[in-house]
Q: 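Okay, handing you the structure first.
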Amino acid sequence: MEEITEGVNNIAIAGDAQKKNRIQVSNTKKPLFFYVNLAKRYMQQHNEVELSALGMAISTVVSVAEILKNNGFAVEKKIMTSTVEIRDESRGRPISKAKIEIVLGKTEKFDELMAAAAEERAAGNNDEQS
(Lines give C-alpha, C1' and ligand atoms only; values in the text may rest on other atoms or scores of the structure.)
Protein backbone atom coordinates (compact mmCIF):
# COMPACT_ATOMS: atom_id res chain seq x y z
CA MET A 1 0.00 0.00 0.00
CA GLU A 2 2.88 2.38 0.77
CA GLU A 3 4.22 1.88 -2.77
CA ILE A 4 0.93 3.00 -4.29
CA THR A 5 0.78 6.08 -2.06
CA GLU A 6 4.35 6.97 -2.99
CA GLY A 7 3.53 6.55 -6.69
CA VAL A 8 0.50 8.82 -6.41
CA ASN A 9 2.56 11.46 -4.59
CA ASN A 10 5.22 11.32 -7.31
CA ILE A 11 2.59 11.82 -10.00
CA ALA A 12 1.29 14.94 -8.25
CA ILE A 13 4.82 16.33 -7.96
CA ALA A 14 5.57 15.59 -11.62
CA GLY A 15 2.33 17.33 -12.64
CA ASP A 16 3.27 20.45 -10.67
CA ALA A 17 6.67 20.57 -12.36
CA GLN A 18 5.05 21.08 -15.79
CA LYS A 19 4.85 24.82 -16.37
CA LYS A 20 1.60 26.24 -17.70
CA ASN A 21 3.43 28.55 -20.10
CA ARG A 22 5.80 25.95 -21.62
CA ILE A 23 5.45 24.80 -25.21
CA GLN A 24 7.32 21.61 -26.04
CA VAL A 25 8.01 21.79 -29.75
CA SER A 26 8.09 18.68 -31.90
CA ASN A 27 9.96 18.43 -35.18
CA THR A 28 7.20 16.96 -37.32
CA LYS A 29 3.82 17.10 -35.61
CA LYS A 30 2.69 20.68 -36.26
CA PRO A 31 3.48 23.44 -38.78
CA LEU A 32 5.76 26.30 -37.76
CA PHE A 33 3.02 28.93 -37.50
CA PHE A 34 0.98 26.70 -35.20
CA TYR A 35 3.75 27.25 -32.63
CA VAL A 36 4.04 30.97 -33.45
CA ASN A 37 0.31 31.50 -32.85
CA LEU A 38 0.30 29.29 -29.77
CA ALA A 39 3.21 31.26 -28.30
CA LYS A 40 1.31 34.53 -28.88
CA ARG A 41 -1.70 33.09 -27.05
CA TYR A 42 0.47 31.93 -24.14
CA MET A 43 2.08 35.38 -23.92
CA GLN A 44 -1.38 36.98 -23.79
CA GLN A 45 -2.30 34.75 -20.85
CA HIS A 46 0.99 34.56 -18.93
CA ASN A 47 3.07 37.57 -20.18
CA GLU A 48 5.86 35.16 -21.14
CA VAL A 49 6.32 31.79 -22.81
CA GLU A 50 8.98 29.10 -22.57
CA LEU A 51 9.74 27.28 -25.80
CA SER A 52 11.45 23.93 -25.33
CA ALA A 53 12.80 21.36 -27.81
CA LEU A 54 15.11 18.37 -28.17
CA GLY A 55 17.40 17.38 -31.02
CA MET A 56 16.17 18.13 -34.53
CA ALA A 57 13.27 20.27 -33.23
CA ILE A 58 15.72 22.91 -31.93
CA SER A 59 15.75 24.71 -35.29
CA THR A 60 11.95 25.00 -35.13
CA VAL A 61 12.10 26.62 -31.67
CA VAL A 62 14.76 29.08 -32.84
CA SER A 63 12.66 29.96 -35.91
CA VAL A 64 9.54 30.53 -33.79
CA ALA A 65 11.48 32.77 -31.38
CA GLU A 66 13.03 34.77 -34.24
CA ILE A 67 9.67 35.28 -35.97
CA LEU A 68 8.13 36.58 -32.73
CA LYS A 69 11.13 38.86 -32.05
CA ASN A 70 11.43 40.20 -35.60
CA ASN A 71 7.71 41.03 -35.77
CA GLY A 72 7.89 42.97 -32.49
CA PHE A 73 5.83 40.57 -30.37
CA ALA A 74 8.54 39.23 -28.04
CA VAL A 75 11.82 39.98 -26.33
CA GLU A 76 14.32 37.32 -25.38
CA LYS A 77 14.59 36.83 -21.62
CA LYS A 78 16.68 33.69 -21.30
CA ILE A 79 18.24 30.95 -23.41
CA MET A 80 19.36 27.69 -21.84
CA THR A 81 21.07 24.78 -23.56
CA SER A 82 21.83 21.38 -22.14
CA THR A 83 22.21 17.71 -22.98
CA VAL A 84 19.72 15.14 -21.73
CA GLU A 85 19.98 11.37 -21.59
CA ILE A 86 17.10 9.55 -23.25
CA ARG A 87 16.75 5.77 -23.12
CA ASP A 88 16.50 4.20 -26.56
CA GLU A 89 14.12 1.24 -26.16
CA SER A 90 15.24 -0.48 -29.38
CA ARG A 91 18.96 -0.43 -28.50
CA GLY A 92 18.58 -0.53 -24.73
CA ARG A 93 21.17 2.14 -24.08
CA PRO A 94 20.96 5.85 -23.29
CA ILE A 95 21.30 8.44 -26.04
CA SER A 96 22.40 12.05 -25.47
CA LYS A 97 20.15 14.67 -27.03
CA ALA A 98 20.69 18.41 -27.24
CA LYS A 99 18.01 20.49 -25.51
CA ILE A 100 17.16 24.18 -25.77
CA GLU A 101 14.79 26.32 -23.72
CA ILE A 102 14.03 29.89 -24.77
CA VAL A 103 12.02 32.19 -22.53
CA LEU A 104 10.31 35.06 -24.33
CA GLY A 105 8.43 37.98 -22.80
CA LYS A 106 5.88 40.39 -24.26
CA THR A 107 7.14 43.62 -25.79
CA GLU A 108 5.59 46.95 -24.80
CA LYS A 109 3.68 47.04 -28.10
CA PHE A 110 2.52 43.38 -27.95
CA ASP A 111 -1.11 44.20 -27.06
CA GLU A 112 -1.23 46.92 -29.71
CA LEU A 113 0.08 44.52 -32.39
CA MET A 114 -2.39 41.80 -31.35
CA ALA A 115 -5.30 44.30 -31.49
CA ALA A 116 -4.21 45.43 -34.98
CA ALA A 117 -4.03 41.81 -36.17
CA ALA A 118 -7.52 41.14 -34.76
CA GLU A 119 -8.87 44.22 -36.58
CA GLU A 120 -7.32 43.02 -39.85
CA ARG A 121 -8.96 39.62 -39.44
CA ALA A 122 -12.31 41.25 -38.67
CA ALA A 123 -12.01 43.52 -41.72
CA GLY A 124 -11.10 40.51 -43.86
CA ASN A 125 -14.16 38.62 -42.62
CA ASN A 126 -16.41 41.61 -43.40
CA ASP A 127 -15.02 41.81 -46.95
CA GLU A 128 -15.77 38.11 -47.49
CA GLN A 129 -19.35 38.53 -46.26
CA SER A 130 -20.09 41.54 -48.54
Q: Hey, quick one: are L54 and V49 part of the same hydrophobic cluster, counting side-chain heavy atoms closer than 4.5 Å, chains of contacts allowed?
A: no

Q: Is there a side-chain contact between F73 and I67 in this structure, where contact means two heavy atoms from C-beta onward sitting under 4.5 Å apart?
A: no

Q: When you look at CE of M80, are more than 12 heavy atoms from neighbouring residues, nucleotides or ligands closer to it than 6.0 Å?
A: yes

Q: Check the hydrophobic clustering (I, L, V, M, F, W, Y; side-chain heavy atoms under 4.5 Å; chains of links allowed) and say if I79 and V25 are grouped together.
A: yes

Q: For residues V64 and V75: do they belong to one hydrophobic cluster (side chain heavy atoms under 4.5 Å, members Ile, Leu, Val, Met, Phe, Trp, Tyr)?
A: no

Q: Is it the case that one hydrophobic cluster holds both I58 and I95, taking links as side-chain heavy atoms less than 4.5 Å apart, direct or via other members?
A: no

Q: Would you mind writing out the side-chain donor-acceptor pairs for residues 99-118 within the sub-3.5 Å range, not counting sequence neighbours?
A:
residue : atom : partner : partner atom : Å
E101    : OE2  : R22     : NH2          : 3.4
K106    : NZ   : N47     : OD1          : 3.2
K106    : NZ   : D111    : OD1          : 3.4
T107    : OG1  : G72     : O            : 2.6
T107    : OG1  : F110    : N            : 3.3

Q: How about NZ on K77, more than 12 heavy atoms from neighbouring residues, nucleotides or ligands closer than 6.0 Å, or not?
A: yes

Q: What side-chain hydrogen bond (donor to acceptor under 3.5 Å, both in side chains) pairs are there with at least one residue in residues 33-46, not counting sequence neighbours?
A: none

Q: Which residue pairs satisfy the salt bridge (charged side-chain N to carboxylate O under 4.0 Å, His left out) criterion with at least one member in residues 59-69, sequence neighbours excluded?
A: E66-K69, K69-E76

Q: Check side chain to side chain contact (heavy atoms under 4.5 Å, CB included) between S63 and all other residues, then give those that pass, not counting sequence neighbours.
A: L32

Q: For E119, enumerate each residue passing the side chain to side chain contact (heavy atoms under 4.5 Å, CB included) test, keeping only those at least two apart in sequence or located in another chain.
A: none

Q: Would I86 and V61 show up in the same hydrophobic cluster when neighbours are defined by side-chain heavy atoms closer than 4.5 Å?
A: no

Q: Kindly give the heavy-atom pair with the smallest separation between A57 and S26, and that separation in Å.
A: CB-C, 3.8 Å

Q: Just jot down the side chain to side chain contact (heavy atoms under 4.5 Å, CB included) partners of T83, sequence neighbours excluded, or say none.
A: S96

Q: Locate the shortest heavy-atom distance separating R87 from P94; write the atom from each residue and the value.
A: NH1-CD, 3.4 Å

